Asker: 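Sharing a structure below in structure tokens format, with a few things to ask.
Computed from a prediction, not measured in an experiment: that's the story for all the values here.
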Amino acid sequence: MVCHLLYELHENPFGKSWQEWAASWCRWMLSIPKKKNPSFDRTGKYCSINQDNHKVWFLTGTFGNVGPIKRKCIIPSGKAIFFPVLVKEDSLAEDSDIKSEADLIKRCEQATDRLINIEASIDNQRMDHLENYRVRSKVFDLIFPKENVYNVRPGLTRSVCDGYWLFIKPLQAGIHSIFFKGETSLEEPYTINQLKGNAIHSPIWKNMDKNSTFKLEVSYNLTITK
């Protein structure tokens, strides 16, 4: 691992814990309607949507893909980069059978526990021991917009996320690459039915039927401006 590129879990970048940054990332990603949500984007054209934090730029994976997704993104210099290599988010709006926050946390943790593999590299330098970068947020308020990615009722709900994250220190101006992939086992019927019930996960349906796993693979070609 090239440690000088990354913030460590004991650090609080820009005055916030990793748990708080994880919640902020979820609010950002899920606040963007499906039509322009960067997690659907195959090229990177929506990379800059709602990037209003002065210190941190968010990147995102996908809702599942088997073939690699390649994106291009322009990022202003001086910004750190935060994203999940693999993350599970649950909310009371999505998981209609759950009534308590404790059960919400439990479901999210159990799904994240089923990790099979995660990989990541920055400028072709492999990041090792990614399992040490697991972070679960506290339960937080989340507002789903109209035409949201999960087709749930718009409005306020309670959410939690658990996953494996990278927090990259500001990169020098120029061209950089980020690659990450992950896979988790799908065991419980509720999660499988949930993924099968929403077309956003259709790129991995065949893989789910064959291997009972969730997969993603994403690479970014980044231009850091001066």
Side-chain angles (χ1 to χ4, degrees), residues 9 12-41 46 49-53 56-64 81-115 118 133-167 180 182 184 186-201 204 214 216 218:
L9 285 180
N12 292 332
F14 312 106
K16 291 171 62 173
S17 69
W18 284 58
Q19 289 82 3
E20 291 173 303
W21 281 115
S24 294
W25 181 92
C26 283
R27 290 193 188 100
W28 165 77
M29 196 275 286
L30 293 174
S31 71
I32 303 171
K34 185 186 300 184
K35 187 175 181 179
K36 293 187 177 182
N37 193 287
S39 291
F40 281 116
D41 183 4
Y46 297 131
I49 294 287
N50 292 0
Q51 298 279 7
D52 53 6
N53 189 285
V56 178
W57 190 276
F58 293 139
L59 295 180
T60 182
T62 70
F63 293 106
I81 299 171
F82 183 72
F83 66 94
V85 177
L86 198 64
V87 66
K88 181 69 168 73
E89 180 273 340
D90 285 282
S91 73
L92 297 177
E94 301 158 62
D95 296 31
S96 57
D97 63 321
I98 289 182
K99 305 304 178 184
S100 73
E101 293 184 359
D103 287 340
L104 194 67
I105 293 171
K106 182 178 179 181
R107 175 168 288 173
C108 195
E109 285 184 336
Q110 288 177 338
T112 309
D113 286 343
R114 299 188 182 107
L115 178 70
I118 46 174
Y133 286 81
R134 180 174 175 175
V135 171
R136 176 178 59 79
S137 73
K138 296 180 179 179
V139 180
F140 58 91
D141 285 340
L142 173 67
I143 299 176
F144 278 108
K146 294 180 180 178
E147 299 180 356
N148 57 77
V149 294
Y150 291 133
N151 295 321
V152 298
R153 184 175 181 177
L156 180 66
T157 188
R158 297 286 281 170
S159 176
V160 68
C161 62
D162 191 349
Y164 301 88
W165 307 78
L166 287 182
F167 212 143
F180 57 97
T184 55
L186 298 174
E187 297 180 12
E188 58 182 25
Y190 182 88
T191 301
I192 294 173
N193 291 336
Q194 192 179 44
L195 296 177
K196 279 285 193 178
N198 195 321
I200 63 172
H201 303 294
I204 59 166
F214 174 93
L216 63 77
V218 180

Asker: Anything under 30° is parallel, anything over 60° is perpendicular, the rest tilted; go ahead and classify F58 against W28.
Answerer: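 Tilted.
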Asker: Are F180 and L216 packed together at the side-chain level, in the sense that at least one heavy-atom pair is separated by less than 4.5 angstrom?
Answerer: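 Answer yes - side chains close enough.
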Asker: Judged by modelled atom types alone, do E20 and N12 share a side-chain donor-acceptor pair under 3.5 Å?
Answerer: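 No - no donor-acceptor pair under 3.5 Å links their side chains.
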Asker: If you round to the nearest 0.5 Å, how far is OG1 of T184 from OH of Y164?
Answerer: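 It comes to 9.5 Å.
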Asker: Applying salt bridge (Lys or Arg N to Asp or Glu O under 4.0 Å) between D162 and each of R134, K138, K88, R107, report the one that passes.
Answerer: R134
Asker: Output the distance between atom CG (D90) and atom OG1 (T191), rounded to the nearest 0.5 Å.
Answerer: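 OG1 of T191 is found 7.0 Å from CG of D90.
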Asker: Once rounded to the nearest 0.5 Å, what's the spacing between atom CD1 of I204 and atom OG1 of T62?
Answerer: 8.0 Å
Asker: Indicate the atoms forming the closest heavy-atom contact of E94 with S91, along with that distance.
Answerer: OE2-OG, 2.7 Å
Asker: Is any side-chain heavy atom of V149 closer than 4.5 Å to a side-chain heavy atom of L30?
Answerer: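 Touching, per the 4.5 Å side-chain cut-off.
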Asker: Would you say that I200 contacts F40 through its side chain, given a criterion of any heavy-atom pair below 4.5 Å between the two side chains?
Answerer: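 Yes. Closest side-chain heavy atoms under 4.5 Å.
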Asker: Would you say that more than 12 heavy atoms from the other residues, nucleotides or ligands in this model lie under 6.0 Å from the CD of Q110, or not?
Answerer: yes
Asker: Would you check if Q194 and E188 make a side-chain contact, meaning some heavy-atom pair closer than 4.5 Å?
Answerer: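 Sidechains of E188 and Q194: no contact.
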Asker: Do NZ/NE/NH1/NH2 and the carboxylate oxygens of R136 and E109 come within less than 4.0 Å?
Answerer: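 Salt bridge between R136 and E109, a charged N being under 4.0 Å from a carboxylate O: yes.
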Asker: Looking at L92 and S100, what are the two nearest heavy atoms and their distance?
Answerer: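 Closest approach of L92 to S100, heavy atoms only: CD2-O, 4.3 Å.
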Asker: Is any side-chain heavy atom of N151 closer than 4.5 Å to one of K34?
Answerer: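 K34 vs N151: side chains touch.
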Asker: State, with a plain yes or no, whether a side-chain heavy atom of Y133 is found less than 4.5 Å away from one of W18.
Answerer: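 A side-chain contact exists here, since the closest heavy-atom pair is under 4.5 Å.
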Asker: Testing the basics here: between V152 and N148, what is the closest heavy-atom pair and its distance to 0.1 Å?
Answerer: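 Residues V152 and N148, closest heavy atoms: O-ND2, 2.9 Å.
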Asker: Given ring-ring contact (aromatic ring centres under 6.0 Å, His included), test W165 with F82 step by step and report yes or no.
Answerer: CA-CA 7 Å; W165 307 78; F82 183 72; 5.0 Å; yes
Asker: Could you tell me which non-hydrogen atom of P33 sits nearest to which non-hydrogen atom of P145, and how far apart they are?
Answerer: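 So the minimum-distance heavy-atom pair works out to N-CG, 4.2 Å.
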Asker: If you look at every heavy atom in S159 and E89, which pair is closest and at what distance?
Answerer: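 Closest approach of S159 to E89, heavy atoms only: OG-OE2, 2.7 Å.
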Asker: Assign the ring pair F214 / H201 to parallel, tilted or perpendicular, where the plane angle (0 to 90°) is split at 30° and 60°.
Answerer: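 Perpendicular.
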Asker: If you round to the nearest 0.5 Å, how far is CG of N50 from NZ of K36?
Answerer: 10.0 Å
Asker: Do side-chain atoms of K99 reach the backbone of S96 as a donor and acceptor pair under 3.5 angstrom?
Answerer: yes
Asker: Starting at OG1 of T60, measure out to CG of N37 and round the result to the nearest 0.5 Å.
Answerer: 7.0 Å
Asker: Write down the atom of I98, the atom of L104, and the distance for their closest heavy-atom approach.
Answerer: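 For I98 and L104, the tightest heavy-atom pair comes out as CG2-N, 3.8 Å.
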Asker: With a 6.0 Å cut-off (strictly less than), is the heavy-atom count around NZ of K16, excluding the residue itself, greater than 12?
Answerer: yes
Asker: Answer whether the closest heavy-atom distance between the side chains of F83 and V218 falls below 4.5 Å.
Answerer: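 Sidechains of V218 and F83: no contact.
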Asker: Tell me, do R158 and D141 make a side-chain contact under 4.5 Å, heavy atoms counted?
Answerer: yes
Asker: Going by ring pair (Phe, Tyr, Trp, His ring centres under 6.0 Å), name the pairs with one or both residues in residues 136-163, residues two or more places apart or in two chains.
Answerer: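 Ring pair (Phe, Tyr, Trp, His ring centres under 6.0 Å) check on residues 136-163 returns F63-Y150.
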